[in-house]
Amino acid sequence: MKLKLERVKGTRDLLPEEMAKRRWVFERLREVFERYNFHEVLTPTFEYTELFKLRSGEEVVEQLYAFDDKGGRNLSLRPDMTSSVARLYVNSFQNAPKPVKWYYIANMFRYEEPQSGRYREFWQAGVELLGSSRVEADAEVIALFVESYLATGLDEFTVNIGDRILLDEFARMLGVKDDIGLMRLIDKKDKLSEEDFVEALKEFGLDDYGIEKVIALIEIKGLPDEVLPKAEELFTSREAKVEIARIYELVDLLNTYGVGERILIDLGIARGFDYYTSVVFEAIAPNDIGIGSIGGGGRYDNLIEVFGGKPTPATGFAIGIERLIPILEWKGIIPEPKLRPDIYVIPIGKESGVRKAAVEVVTALRMAGVKADIELTGRKIGKALDYAGRLGVPYVIIIGKRDLAEGKVTVRDMESGEQRVVGKERVVEEILNLTAL
RNA sequence: GCCAGGGUGGUGUAGCCUGGUUAGCACAGGGGACUGUGGAUCCCCUAGCCCGGGUUCAAAUCCCGGCCCUGGCCCCA
């Protein structure tokens with residue numbers, strides 16, 4: 001009779017090798033975040049469902065992992081970190097010196113159909129910068145965004161920058177009420193052929209003038225110097241002019257940060273979340289494994305207020321770990337983790353004196369900082385060496401009563417098969433010499 | 001939520017179309033040959049038809065439903 005114990009749909013078990021690689025990526029990210037003086041926070045995995053509903057978006061609410069706890073509270077697993085961070089800020093940091101610079105590396109939950117690069121539980125590494133509305137803050141965050149990918153060794157990627165104010169303005173110019181619908185359509189521009197795209201725009205209800213304008217908008221994509229002048233032609237309102245000037249300034253700063261060559265303007269990008277208010281951006285890395293955006297972010301100046309706080313401007317980004325790692329792996333960037341021990345201690349026989357000597361040796365090695373393991377299954381020496389060989393352990397220490405009677409143990413080089421008998425007291429020194437080479 | 005293709009020991013697979021012995025093979029795991037010397041060899045053992053229903057004398061095989069996986073749509077990290 002076998003119990004049916006299945007992993008929940010859309011979740012994964014991470015095995016030692018994957019964990020080691022993941023940790024390597026986390027460490028690289030954490031390092032850069034810290035260097036930019038962001039500080040790590042962690043909020044609860046679940047919050048009141050109300051919190052996530054507040055910032056609207058039916059789509060997001062439908063994807064919540066919601067449940068009632070025993071106290072009758074309606075709770076949800078977090079679908080992202082921004083809401084929780086905003087809640088934390090409103091709760092206790094409104095009077096903290098500005099800006100508040102936080103980062104997190106945590107798991108998120110969304111009830112969606114799993115597919116390539118998408119799980120129901122996934123991890124994000126992100127930052128939030130609260131309390132500055134200045135373009136310098138956007139530049140700081142986007143520069144860090146670029147540096148984060150560079151830190152993981154990713155070489156081929158771009159950060160595309162768009163703007164919500166301009167998109168809203170655009171929808172207004174065309175007299176479109178369903179601005180979100182239009183944005184989604186525009187978002188799909190790269191997936192459709194020119195004809196299909198025009199067809200879709202017609203279906204959406206645009207006239208020839210509108211279609212012409214949309215085409216003009218999506219052509220505003222490329223190097224900032226080349227496409228921003230086009231934006232100035234397309235947008236005429238004062239508000240739009242101000243925003244475009246701000247983007248110029250942003251680009252200029254990003255050049256100063258030294259990340260300018262990664263930056264492209266793409267006024268067609270909208271980003272999913274409704275809470276973004278002006279600059280939005282996403283990172284794209286070319287790949288053959290069906291992965292789109294590997295991270296994104298933007299400015300959200302209204303969210304804190306929506307959560308009942310004093311109006312506080314904010315900006316941030318999130319990197320999708322389950323999207324970044326496959327690309328890094330695909331490119332062979334993540335170093336192969338070393339899981340095997342450097343030393344494997346094999347006691348021969350079952351006599352307690354011998355086995356204790358083996359424990360003494362392995363303990364001494366471990367205290368000296370050596371990654372050492374000891375035979376624990378009682379298998380015979382032949383099988384034990386077989387095991388060590390398969391694992392690729394470079395050195396084995398064999399402890400038997402014959403040598404032990406003279407206070408000695410055998411050190412075996414698994415590569416060459418050479419063995420030497422050394423004093424038990426000297427074995428740590430011996431190993432440190434060997435492994436240093 | 002929708003669509004397509006899949007699901008056979010831990011892993012990879014044969015068998016399915018054309019229903020019929022004890023579901024075959026390889027690797028991995030455990031033990032032995034071998035009570036102090038490895039990756040070899042030989043032997044033994046462990047272990048499987050995703051779940052439920054239907055058709056049938058008989059179902060891994062055919063049919064229906066569900067679950068899960070892979071990918072696509074939607075959306076997004």
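First the proteins, then the strands, lettered A, B, ... as listed; each starts at 1. All heavy atoms count here, side chains included; hydrogens, waters and symmetry mates do not.
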Task: C73(B): pairing nucleotide in any strand, Watson-Crick or G-U under 3.5 angstrom - done: G1(B)

Task: Separation between the C1' atoms of U56(B) and A14(B), rounded to whole Å - done: 26 Å

Open item on the list: For A33(B), give the paired nucleotide (Watson-Crick: N1-N3 plus N6-O4 or O6-N4; G-U: N1-O2 and O6-N3; both under 3.5 Å), or none.
Closed with: U41(B)

TODO: Output the single nucleotide from G38(B), C68(B), G32(B) whose closest atom is nearest the side chain of Asp386(A).
DONE: G38(B)

TODO: Answer with base, sugar-phosphate or nothing: what part of the nucleic acid does Gly400(A) contact at a heavy-atom distance below 4.0 Å?
DONE: base

Open item on the list: Over all strands shown, is Thr410(A) touching base, sugar-phosphate only, or nothing at heavy-atom distances under 4.0 angstrom?
Closed with: base

Task: side-chain N/O Arg390(A) vs A40(B) OP1/OP2, d < 4.0 Å - done: yes

Open item on the list: Under 4.0 Å, heavy atoms only, any strand: does Glu282(A) hit a base, just the sugar-phosphate, or nothing?
Closed with: nothing

Task: Glu322(A): which of Arg22(A), Arg118(A), Arg110(A) passes salt bridge (charged side-chain N to carboxylate O under 4.0 Å, His left out) - done: Arg22(A)

- [ ] Check Ser116(A) against Ile289(A) and note the closest heavy-atom contact, atom names and distance.
- [x] OG-O, 3.3 Å

- [ ] Would you mind classifying the nucleic acid contact of Arg379(A) as base, sugar-phosphate or nothing, using non-hydrogen atoms under 4.0 angstrom?
- [x] sugar-phosphate

TODO: May I ask you to check whether over 12 heavy atoms, not counting those of Lys408(A), lie within 6.0 Å of atom NZ?
DONE: no

Task: First encountered from the 5' end of RNA chain B, between Gln124(A) and Thr377(A) - done: Thr377(A)

Open item on the list: Nearest to the Arg402(A) side chain among G36(B), C75(B), U37(B), which nucleotide is it?
Closed with: G36(B)

- [ ] Could you check whether Gly126(A) gets within reach of a base, just the sugar-phosphate, or nothing at all, counting any heavy atom under 4.0 Å?
- [x] nothing

Open item on the list: Is it true that Tyr300(A) and Glu128(A) share a donor-acceptor pair across their side chains at a distance under 3.5 Å?
Closed with: yes

Task: Nucleotide U70(B), atom C1' - distance to CZ of Arg120(A) in whole Å - done: 15 Å

TODO: Take the protein atom CZ of Arg412(A) and the nucleotide atom P of G39(B), then report the distance between them rounded to whole Å.
DONE: 10 Å

- [ ] Examine G31(B): is either OP1 or OP2 under 4.0 Å from a nitrogen or oxygen in the side chain of Lys380(A)? Give yes or no.
- [x] no

Task: Nucleotide forming a Watson-Crick or wobble pair with C49(B), both distances under 3.5 Å - done: none

Task: Interatomic distance where CE belongs to Met108(A) and C1' belongs to C76(B) [whole Å] - done: 14 Å

TODO: Determine the contact category for Tyr387(A): base if any of its heavy atoms lies under 4.0 Å from a base atom, sugar-phosphate if only primed atoms, P, OP1 or OP2 are that close, otherwise nothing.
DONE: nothing

Open item on the list: Heavy atoms from C-beta onward define the side chain here; which of G31(B), C69(B), U37(B) lies closest to that of Gln419(A)?
Closed with: U37(B)

Open item on the list: Quick check: any donor-acceptor pair below 3.5 Å linking the side-chain of Gln115(A) to the base of U70(B)?
Closed with: no

Task: Complementary nucleotide of U11(B), counting Watson-Crick and G-U pairs under 3.5 Å - done: A26(B)

- [ ] Write down the distance between CZ (Phe109(A)) and C1' (C75(B)), rounded to a whole number of angstrom.
- [x] 19 Å

Open item on the list: Here's a test of your reading of the structure: between Arg323(A) and Tyr111(A), which maps to the more 5' nucleotide of RNA chain B?
Closed with: Tyr111(A)

Open item on the list: Any base atoms under 4.0 Å from Gly10(A), or only sugar-phosphate, or nothing? Heavy atoms, all strands.
Closed with: sugar-phosphate

Open item on the list: Partner lookup for C68(B), please. Criteria are Watson-Crick or G-U wobble with both distances under 3.5 angstrom; report none if nothing qualifies.
Closed with: G6(B)

- [ ] Please measure how far the C1' atom in G39(B) lies from the corresponding atom in G20(B), and state the result in whole Å.
- [x] 44 Å

Task: Closest nucleotide among G38(B), A77(B), G36(B) to the Arg110(A) side chain - done: A77(B)

Open item on the list: Under 4.0 Å, heavy atoms only, any strand: does Met414(A) hit a base, just the sugar-phosphate, or nothing?
Closed with: base

- [ ] Would you check, one step at a time, whether the test ring pair (Phe, Tyr, Trp, His ring centres under 6.0 Å) holds for Phe38(A) with Tyr103(A)?
- [x] CA-CA 6 Å; Phe38(A) 282 77; Tyr103(A) 77 88; 7.7 Å; no

Open item on the list: Roughly how many Å apart are A58(B) and U41(B), using the P atom of each and rounding to a whole number?
Closed with: 46 Å

Open item on the list: By the 4.0 Å heavy-atom rule, please label Gly292(A) as base, sugar-phosphate, or nothing.
Closed with: nothing

Open item on the list: Give me the distance, rounded to whole Å, that separates G24(B) from G66(B) when you measure between the P atoms they each carry.
Closed with: 33 Å

Open item on the list: Checking the side chain of Arg78(A) only, and the main-chain atoms of Asn107(A) only, is there a donor and an acceptor separated by less than 3.5 Å?
Closed with: yes

TODO: Round to a whole Å and report the spacing from CD1 of Ile381(A) to P of G31(B).
DONE: 15 Å

Open item on the list: Suppose you measure atom C1' in U61(B) against the same atom in C74(B); what distance do you get, rounded to whole Å?
Closed with: 37 Å

Open item on the list: Tell me if a side-chain donor or acceptor on Arg164(A) pairs with a main-chain N or O of Asp168(A) at a distance below 3.5 Å.
Closed with: no

Task: Interatomic distance, Arg7(A) CZ vs C69(B) P [rounded to whole Å] - done: 7 Å

TODO: Determine, stepwise, if the pair Arg35(A) / Glu147(A) fulfils salt bridge (Lys or Arg N to Asp or Glu O under 4.0 Å).
DONE: CA-CA 10 Å; Arg35(A) 225 185 305 144; Glu147(A) 294 285 0; 5.4 Å; no

Open item on the list: What's the gap between G71(B) and U55(B) when it is taken at their C1' atoms, as a whole Å value?
Closed with: 33 Å

Task: Name of the residue among Val127(A), Leu324(A), Leu29(A), Leu154(A) meeting side-chain contact (heavy atoms from CB on, under 4.5 Å) with Ser148(A) - done: Leu29(A)

Open item on the list: What's the gap between G6(B) and C16(B) when it is taken at their C1' atoms, as a whole Å value?
Closed with: 14 Å

TODO: Using a heavy-atom cut-off of under 4.0 Å over every strand shown, decide if Gly320(A) touches base, sugar-phosphate, or nothing.
DONE: sugar-phosphate

Task: Separation of atom CZ in Phe122(A) from atom P in C75(B), rounded to whole Å - done: 17 Å

Open item on the list: Rounding to an integer number of Å, can you tell me how far Leu185(A) CG sits from C75(B) P?
Closed with: 9 Å

- [ ] Between G38(B), A77(B), C69(B), spot the one nearest the side chain of Lys9(A), thanks.
- [x] C69(B)

- [ ] Write down the distance separating the C1' atoms in C69(B) and C27(B), rounded off to the nearest Å.
- [x] 23 Å

